Structure formats: structure tokens, C-alpha cells
Amino acid sequence: MMRYFIGNWKMFGVPKSINILNKINLFHSRDKNRNKYRIIITPPFTLLETYSKYFKNKKISIGSQNCYQKEQFSSNTAAISPYMIKSVGATYTIVGHSDNRSEGDTNKMLKDKVNFSLKNNLKVIFCIGENKQEKKNKKTLAVLKKQITNVLSKKLNKKNIIVAYEPVWSIGTGELPSADELKKTTIFIKKILKGIFKQKSPAVLYGGSVDGKNVESFKKIKEIDGFLIGGASKSSKKFIDIIKNYYR
Ligand code: PEP
């Protein structure tokens with residue numbers, strides 16, 4: 001089963017930060033497990049073109065952290081479309097990260113982002129996750145189901161979609177779901193996705209405070225197809241430790 005280790009840099013990185021990716025790439029090229037997983041990094045827009053070109057024939061894929069909900073060109077100041085992202089060589093985009101949902105991304109916007117990204121041959125990393133209040137009110141599964149069914153539909157190519165389950169309360173906090181809880185939630189997410197995509201679910205990742213230590217407690221959950229990693233992806237050592245410890 002192919003696994004994914006995705007690093008989301010958020011607002012981090014300047015041109016010389018490519019050294020971090022060079023170290024990760026070197027580790028990957030020597031890792032005996034390298035055929036079991038893919039590495040995707042999402043730097044800020046400012047670095048997309050140089051990094052995409054640099055890693056074109058290497059094993060690290062480059063993606064954007066978001067995209068605008070229009071296809072090609074428009075008069076929206078500072079907006080960047082899927083077409084523009086693809087044109088500089090990136091191959092993935094995140095859609096629906098909780099940072100952007102909390103800044104106003106609606107389901108309608110997310111639907112357009114997903115559709116236009118796929119149409120422009122960008123693979124989509126679609127983020128879902130309940131917040132603390134929703135969890136407290138035992139609404140997690142209902143929230144996740146809505147987030148999925150409001151945006152994904154059977155006409156989309158599931159091969160180009162990765163779903164990342166990121167409980168909002170776990171992002172950047174060090175708080176984690178228990179392994180039991182996470183297993184149940186992941187199975188539930190896959191069940192919903194199988195309902196949409198004719199019995200075959202896209203890959204489902206976990207994201208939220210993943211590091212080299214706690215990744216060990218998640219590796220027994222076979223339903224999890226990989227990890228979306230924020231904070232720990234800004235250090236080559238921390239990111240590599242996650243992969244090393246996952247396969248140890
Ligand atoms: C994220 O922002 O997608 C994320 C998972 O962050 P962190 O790993 O820092 O919790």
C-alpha cells in the first residue's frame with residue numbers, strides 16, 4: 001500500500017530553504033523503504049516555480065497550499081488559480097485546510113477549487129476535520145460526513161484525490177486523538193468515500209501534531225495511508241525522523 005508523507009510549510013521558507021528538501025531527497029534516495037511512500041512538500045507560492053523545476057526529475061513532488069476558486073485568469077487581486085499553479089510545474093494543491101476554512105472558504109468555494117484543480121491536472125489534497133466544540137458535542141462524524149459530501153462527488157477522479165483528516169484541535173497543539181479513536185474515524189471516512197466513489201476510497205491521511213515520536217503509535221492503524229505534517233516538515237531531521245520511525 002502506497003503511503004504519503006506530505007509537508008505543509010505554511011508561511012515559512014525563502015529560496016535557500018531548498019536545502020531542507022535536498023536533505024530529505026538525499027535521505028529518500030538511500031532509504032531501503034523508498035518505494036513504499038511518496039513525499040510531497042507544499043511551500044508558499046513564492047517558491048513554487050523554483051522548487052517545482054528543481055525537483056522535476058526527483059522524488060519529491062511539489063504542491064501549493066491553496067488555490068483560488070476560479071480556473072485561469074480573473075481580476076481578483078492576489079489570487080492564484082489552479083491553471084497558474086500547474087503552469088509553474090507544481091503537481092498538487094491542498095484544498096480546504098482549516099486555516100483557510102476559518103478565513104472564509106465555503107463549501108461552494110471548495111467545490112470550485114477541487115473541480116478546477118483536477119481539471120488543470122493538479123492532484124488535490126482535500127482537508128477535513130472537526131473543531132474542538134464539535135468534538136465536545138460528539139458531532140465529529142456528522143461534521144466530517146458533511147465536509148466530504150458537500151464537496152466531493154462521484155464524477156471526480158478519485159485517483160487524483162487524497163483526503164487528509166486533520167482535527168482542528170490537534171493542529172499545532174500537540175494534542176492527539178487516541179489510536180482507537182483515530183482508527184474508528186478513519187474507517188468512517190473511508191466508508192463515506194467508498195459510498196461516493198464506487199467501493200474504492202481515495203487515500204486517507206492523518207494530520208495534526210505528527211512528530212517522530214507519536215508516529216509510532218499510528219503505524220498500527222493500517223487504514224491510515226500517510227500523514228500531513230505541518231510544524232515538523234520545516235526541519236529535514238524532524239521530517240526524516242517521522243519516515244524512519246514509521247518504518248522501524
Ligand atoms: C497542518 O497545519 O496541516 C498540520 C498538520 O500542522 P501541525 O503538524 O503543525 O499540527
Side-chain angles (χ1 to χ4, degrees), residues 3-13 17 20-21 24 37-45 47-48 60-67 85 90 92-105 110 113-114 117 122-132 134-135 140 143-144 147-148 151 161-179 181-182 185-186 189 202-219 221 223-246:
R3 305 282 183 212
Y4 295 88
F5 294 90
I6 305 182
N8 174 20
W9 277 9
K10 311 187 210 191
M11 197 173 84
F12 167 84
S17 315
I20 298 169
L21 300 192
I24 294 171
Y37 62 89
R38 291 213 170 101
I39 294 173
I40 304 159
I41 302 289
T42 64
F45 284 126
L47 303 173
L48 272 189
I60 294 181
S61 301
I62 301 294
S64 60
Q65 299 169 13
N66 195 2
C67 64
I85 294 164
Y92 286 83
T93 184
I94 293 176
V95 170
H97 191 281
S98 65
D99 287 346
N100 306 121
R101 287 180 188 262
S102 69
E103 286 159 0
D105 273 16
L110 297 177
K113 291 180 188 212
V114 170
S117 295
L122 282 176
K123 295 189 172 99
V124 168
I125 302 152
F126 179 59
C127 299
I128 57 171
E130 83 285 3
N131 65 29
K132 203 167 196 130
E134 290 159 343
K135 178 177 166 59
T140 297
V143 167
L144 298 176
Q147 288 177 334
I148 296 168
V151 175
I161 298 171
I162 296 171
V163 173
Y165 169 53
E166 300 206 297
V168 181
W169 50 269
S170 175
I171 296 177
T173 61
E175 280 184 61
L176 295 168
S178 70
E181 202 177 7
L182 184 55
T185 311
T186 308
I189 292 167
V204 176
L205 318 186
Y206 170 73
S209 296
V210 174
D211 64 26
K213 279 207 180 92
N214 61 37
V215 74
E216 306 223 20
S217 63
F218 294 144
K219 64 183 172 196
I221 310 175
E223 290 82 5
I224 294 180
D225 300 303
F227 301 92
L228 180 48
I229 300 149
S233 70
K234 296 182 277 187
S235 141
S236 55
K237 182 181 182 312
K238 287 183 183 168
F239 192 77
I240 291 167
D241 274 351
I242 291 172
I243 300 175
K244 272 189 191 160
N245 291 342
Y246 184 79

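One-based numbering, in listed order, for ligands and for the atoms of each. As the structure is a computational prediction, the values presented were derived from the model and not from experiment.
In this structure, A232 falls outside the shell of residues with a heavy atom less than 4.0 angstrom from ligand 1.
Residue contacts with ligand 1 for I171 involve both N, CA, C or O and side-chain atoms from C-beta outward (heavy atoms, distance under 4.0 Å).
Every atom of ligand 1 with a heavy atom of G231 under 4.0 Å away is listed here by number and element: 7 (P), 8 (O), 9 (O). For ligand 1 and G230, the ligand atoms under 4.0 Å from any heavy atom of the residue are 4 (C), 5 (C), 6 (O), 7 (P), 8 (O), 9 (O).
Considering backbone and side-chain atoms together, G207 places no N or O closer than 3.5 Å to any N or O of ligand 1. Considering backbone and side-chain N/O of H97, one or more are found under 3.5 Å from N/O of ligand 1. Of the polar atoms of G208, none of the N or O atoms is found under 3.5 Å from an N or O of ligand 1, judged by distance alone.
Without hydrogens or angle criteria, R101 side chain to G129 main chain gives no donor-acceptor distance under 3.5 Å.
Side-chain contact between Y4 and I40: present, with at least one pair of heavy atoms (C-beta onward) separated by less than 4.5 Å.
Checked against a 6.0 Å centroid threshold, the rings of F227 and Y246 count as neighbours.
Residues Q65 and W9 have side chains that never bring a donor and an acceptor to within less than 3.5 angstrom of each other.
Remark: E216 engages K219 in a salt bridge, criterion side-chain N to carboxylate O under 4.0 Å. By the 4.0 Å N-to-carboxylate-O rule, E175 lies too far from K135 to be salt-bridged with it.
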